Amino acid sequence: MSTLLTNIKELFQVRLNDTPALRGTAMDEVPSIKNAFLYIEEGRIADFGSMDDFPKHPAEEVIDCSNSIILPGYVDSHTHLVFAATRESEFEDRINGLSYEEIAARGGGILNSASRLRDMDEDELFKNSLKRLETVLKTGTTTIEIKSGYGLDVASELKMLRVIKRLKNHEFVGGAKMIIKATFLAAHAIPTEFKNDRNGYIDLIINEMLPRISKEELADFIDVFCEKNYFTVDEMRRLIVAGKKYGLQPKLHVNQFNSLGAVQAAVRAGAVSVDHLEVMTDEDLGNLKSSPTIATALPSCSFFLGLDYAPMKKMMENDVAVSLASDYNPGSTPSGNLNFVFALACIKMRMTPSQALNALSINAAHALKLGSKVGSIQVGKRADLLLFEDIESLAAIPYHFGENKISKVMLDGHFM
Ligand SMILES: N=CN[C@@H](CCC(=O)O)C(=O)O
Ligand SMILES: [Zn+2]
């Protein structure tokens, strides 16, 4: 199958070669071509350029895009999209004055989600997770990471990861599949049955869950929620070492409410990314400076919980490679809409539209070790594209916050 898109008003994020994670002033620019063409063969970008040098590719399908700007699909590198139930009652509790931490201390929060998930069978969990996946695809997410972490026992963590595997294999229109990466996050909270034996739970993760997950090839990364009342820095280190034995690279929840030294430990362990970072000390910043670990901010979580926003400007000024993700989950971020993340990044974190797009595309791809597959318009990369009709500039996307301006999504060469 071949498709030719012609007369594209502006084609953004065009790159000739693989690009390392962008940092510093390299974040300021998104290369683009006005009045462009884009040629797609078998789901891959085969050629692109200016209509002035149009090579007249013979294509089965030719589409005039004179009214559209085109971007590569968004990459969401941090979600908890597989869950059993929403948590509106906690939302109301917070409106009435309780904090996220207070709700968790009363048995709500992650433990609430775990008890609902344990009761749901795999097929139903798959069905309702697929609905959410279809929704985020419509709002432009074409590559996604999904975590376990609401099972907290062997059977339920495996159930979550099997659902993620089924989502990976799900065929959308034309047989197109989304690129999905799975992260094992059993260290998300200490389950009630282990509340007086945290070491017993960590042993269970290491000795029982990890070997089974590895045998069934259910995960790509390992994650730990390193936070007061959850997991300590030492426990995180132990889990990282255990995960690496099974080939799982760490992507970690750190500095959401407290700076505990987790950033330094994560960078030293070679973490692919550190995520959240609402609370950052100068020392944390110094540890991330020029390191290969990507700093992922989750502004929708700050918005929903009323937390500080991760200091993206400061991090960019310090040559930290930054990315943006949704954190879609039922407790702290019940939205997987990356257009809203785009808007918050600009409005609340003072990122320019170009910086925010780089953080949602190339750098987000690097936060999933997918820098050579997705995240830019480059020959050989997946034809995962977003078409925006009737807007004139990149800035119009975050400017129209709360709206989905995407008119068409192409996944693996197929229009959805
Ligand atoms: N902070 C830890 N995990 C999730 C929230 C989990 C929940 O509240 O269900 C997050 O990234 O925000
Ligand atoms: Zn999260």
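All values derive from a computational prediction rather than experimental measurement. We count ligands from 1, going down the list as the structure has it; atoms in each ligand are counted the same way.
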Has ligand 1 got any nitrogen or oxygen that is less than 3.5 angstrom from a nitrogen or oxygen of T333? no
Is the charged tip of K408 near the ring of F415: under 6.0 Å from the six-membered ring centre and within 45° of its axis? yes
Checking a contact table here: which protein heavy atom is nearest atom 12 (O) of ligand 1, and how many Å away? S332 OG, 2.5 Å
What protein heavy atom lies closest to atom 3 (N) of ligand 1? Include the residue and the distance to one decimal. H188 NE2, 2.8 Å
Take a 6.0 Å sphere around CZ of R198 and say whether it holds more than 12 heavy atoms from other residues, nucleotides or ligands. yes
Of the protein's non-hydrogen atoms, which lies at the shortest distance from atom 1 (N) of ligand 1, and what is that distance? Q256 OE1, 2.7 Å
Taking both backbone and side-chain atoms into account, decide whether D327 has an N/O/S atom under 2.8 Å from the Zn ion (ligand 2). yes
Atom indices of ligand 1 within 4.0 angstrom of H80 heavy atoms, with elements: 3 (N), 4 (C), 10 (C), 11 (O)
Output yes when a side-chain donor or acceptor of K34 lies under 3.5 Å from a complementary backbone atom of E10, and no otherwise. no
The Zn ion (ligand 2) to nearest N/O/S of H276 below 2.8 Å: no
My understanding is that we take every heavy atom of each candidate and find the minimum distance to atom 5 (C) of ligand 1. Doing that for Y230, Y328, F304, Y100, which one comes out nearest? Y100
Identify whether the distance between the nearest side-chain nitrogen and carboxylate oxygen of D18 and K373 falls below 4.0 Å. no
For atom 10 (C) of ligand 1, the closest protein heavy atom turns out to be D327 OD2, 3.2 Å
For I110, the ligand 1 atoms whose distance to one of its heavy atoms is below 4.0 Å: 6 (C), 7 (C), 9 (O)
Polar side-chain atom of K165 near backbone of E216 as donor-acceptor pair, under 3.5 Å: yes
For ligand 1, which atoms have a heavy atom of N329 less than 4.0 angstrom away? 4 (C), 5 (C), 6 (C), 7 (C), 8 (O), 9 (O), 10 (C), 12 (O)
Hey, are E389 and K405 close enough for a salt bridge, meaning a charged N less than 4.0 Å from a carboxylate O? no
Any non-hydrogen side-chain atom of L130 less than 4.5 Å from a side-chain atom of H170? yes
Atom 9 (O) of ligand 1: closest protein heavy atom, distance to 0.1 Å, is Y150 OH, 2.6 Å
Per-atom filter on ligand 1: closer than 4.0 angstrom to a heavy atom of H276 are 1 (N), 10 (C), 11 (O), 12 (O)
T25 side chain to D28 side chain, donor-acceptor N/O pair below 3.5 angstrom: no
Using a 3.5 Å distance criterion without hydrogens, assess whether the side chain of K244 forms a donor-acceptor pair with backbone atoms of A269. yes
Answer yes or no: is there an ion pair linking D390 with K9, defined by an N-O contact shorter than 4.0 Å? no
Hey, does H78 sit under 4.0 Å from ligand 1 if you only count heavy atoms? yes
For the Zn ion (ligand 2), decide whether H253 has an N, O or S atom at a distance under 2.8 Å. yes
Just to be sure I read this right, does ligand 1 sit under 4.0 Å from the backbone of E227, its side chain, both, or neither, counting only heavy atoms? neither
